[in-house]
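Okay, structure first, notes after.
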Protein chains: 2
Amino acid sequence: MVTIADVAQKAGVSISTVSYVMSGKRAISQETRDRVEKAIDSLGFSPHAGARSLASRSTNVIGLQAPLRTGVDVHVVMQVVTGVVTQARKHGYDILLIASDDSKALLRAAKGSMVDALLVMDVESDDPRIETLSGLDHPSVLIGLPEGRRAVPCVDFDFEAAGWLAVDRLVALGHRRLALIGSPPEVMARHTAYADRLARGFLAACEANGVHGTVHACPSSAESIATVDAVMMEDPGITGFFVHNEGALPHVATTIAQRGRQRGDEPAILALCPDDVARSVPGLADSIAVPAEAIGAAATDMICEILASGAKPAVRLLPPALTGAAPAAR
Amino acid sequence: MVTIADVAQKAGVSISTVSYVMSGKRAISQETRDRVEKAIDSLGFSPHAGARSLASRSTNVIGLQAPLRTGVDVHVVMQVVTGVVTQARKHGYDILLIASDDSKALLRAAKGSMVDALLVMDVESDDPRIETLSGLDHPSVLIGLPEGRRAVPCVDFDFEAAGWLAVDRLVALGHRRLALIGSPPEVMARHTAYADRLARGFLAACEANGVHGTVHACPSSAESIATVDAVMMEDPGITGFFVHNEGALPHVATTIAQRGRQRGDEPAILALCPDDVARSVPGLADSIAVPAEAIGAAATDMICEILASGAKPAVRLLPPALTGAAPAAR
DNA sequence: CTGAAAGCGCTAACAG
DNA sequence: CTGTTAGCGCTTTCAG
């Protein structure tokens, strides 16, 4: 292994000079800088991360607790993670993946000085990890927006506003009875924050618009078909559908279109999902995009800012927007 | 921050004793062990990862290079990653996520002593990273099976055998003209190792069985419908379909069934995908499971074994098996 | 503008 | 069975 001492020797300078060349924390004459840099890459030197973190008391690693179980919207999770990792590298940070979804795993990473900060996904409305996080001296950011006291900064998509936007859109298209086909029952039951907020926005907007609206949990498998059938049977007047369930989307879209054809009306389907997912479903007129990668990037920016400048905790919600989905083939 | 010295003082022992209590690397009397352990958790001590890695020259971290872009089979990637992370924790390792898919990112992690070993996913048949890896003094395992010299140990699903199994099954069901509806064109073009091997096994098995077989790239979006239509138009005699494309699966299954109904025969669809994905598609009779999580776990076991005992590089392929998919709802 | 040297917190000889 | 101590490779005062 090549160490900073090797570099110093080769460049004919002291160890500290090499260190300062790398960190830029003090002025170095162009001449020595050149010599040191040449030595560094002729030797292929890269500083030992552990030694660095021991001496500097910072790791340049961010811990990311991501829900890797299937059942959640896989594409969304992937894209958020991608956003996080990509943006983190831009800020000079690496990502330690934390898979178990409990407080203990967070504590382990923080107290073992494995990370400088924590990013936590898949937050529930009343999440026990929030207390853990606020007791830590590592900064953290939630990807999600829980209820209650804002002890920890949050970044998320504005699901509540998305509910409003969807209703406004469906109403503008002339629909007066709407249904939100939402997350799987497990997700609803856990009161995952986004599901709660979406439903709240949707229902409030229905009321404000004076239209009828109902919210339905929906399995993300093929069983979703039965759910939609049941909804359409029970209230045949429903013609406006707002679907927030990635796994069910293709089945649901097909079913709704088919049933609509059978009874001779033209139901509208508005989906809430990443753009590329929407594009892959045939027959979707338009959708509201979940900017998953942007969410990950924004959360990362926030935590890096806190790390860099001790910025104040805050809440940041990315606004929803309608997207005309490209016409699916055929 | 609480250090090992604090623990030693509180327990009335030397710091090396504390260290040895934690590592178990030398005999400790029950009495002192108890005292030390009590001190450790009354103080809430956890050793500083960086200090540890500096002194011990090992990080207890494994770098995982995963393809986070969408387009690959998202569920499969997720499950492999889950398998890796979960199994790694069992062996006492954490996972550093490496998102950029080049050699440079691998070098950075290895040469910066951020990881003890590397796990690399999404391997191409002739992958430049292999040379990088074999030049490193960190051990590594590929999740995937490239062609050629086996310079680096590999773990993968036996896609070639899966090709054979699928053909045998479809032939046993009485089909004589088969089509493999495979990965998206980009994946095929890149010669992603698994796509190549699956096609090879499929075609060889067709020949051995004396049946007709063709291989088709297929977009994973709704455009897949057009692909299937084209295949069925061109050769109306094809009744056996083997589908290896998670994104396209629901559309393809629907289309094939529908076209079959139109022309009055009963095409068979055999899917190659994770079990839960198969179960979520209505009308799939049976499938071959891609044991994604097991692959991740197996790769992790292998790298940990190499790390622990300097075991020899090897190739390990998980065998395919038919699964009767649970009857989808409705 | 540059060097010398004191740690950072831990592991692993070495010495009893 | 336990303690002492010399580093591990780097950052950062302190001193020129």
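Every chain is numbered from 1 and lettered A, B, ... according to where its sequence line falls, protein lines coming before strand lines.
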[X] side chain N/O closer than 4.0 Å to the phosphate oxygens (OP1, OP2) of [N]?
X: Thr3(B); N: dG9(C); value: no
X: Thr17(A); N: dG3(C); value: yes
X: Ser19(B); N: dT11(C); value: yes
X: Ser16(B); N: dG3(D); value: no

Contact residues, residues 41-59 of chain A to DNA chain C [heavy atom, < 4.0 Å]
Leu54(A), Ala55(A), Arg57(A)
Sub-4.0 Å heavy-atom contacts from residues 104-115 of chain A onto DNA chain C, ordered by number:
none
Please report, rounded to the nearest Å, how far the P atom of dT4(D) is from the CD1 atom of Ile4(B).
14 Å
From CD1 of Ile15(B) across to P of dA13(C) the rounded distance in Å is 15 Å
Check ion pair Arg197(A)-Asp156(A) (N to O, under 4.0 angstrom):
yes
Residues Arg108(A) and Asp102(A) bridged, charged N to O under 4.0 Å
no
Partners passing ring pair (Phe, Tyr, Trp, His ring centres under 6.0 Å) against Phe157(B) (at least two apart in sequence or in another chain)
Phe159(B)
Please report the interatomic distance CG(Asp73(A)) to OH(Tyr194(A)), rounded to the nearest 0.5 Å.
5.5 Å
What does the inter-axis angle of the helix from dC1(C)-dG16(D) to dG16(C)-dC1(D) come out as, five pairs per end, nearest 10 degrees?
40°
CD (Glu131(A)) with more than 12 external heavy atoms under 6.0 Å
no
Suppose the criterion is side chain to side chain donor-acceptor pair (under 3.5 Å): which pairs have a residue in residues 111-121 of chain A, not counting sequence neighbours?
Thr59(A)-Asp116(A)
Can you confirm whether the side chains of Gln79(B) and Asp276(B) place a donor and an acceptor under 3.5 Å from each other?
yes
Regarding Asp301(A) and His91(A), is there a side-chain donor-to-acceptor distance under 3.5 Å anywhere?
yes
Any residue of residues 20-38 of chain A with a heavy atom less than 4.0 Å from an atom of DNA chain D
Tyr20(A), Lys25(A), Arg26(A)
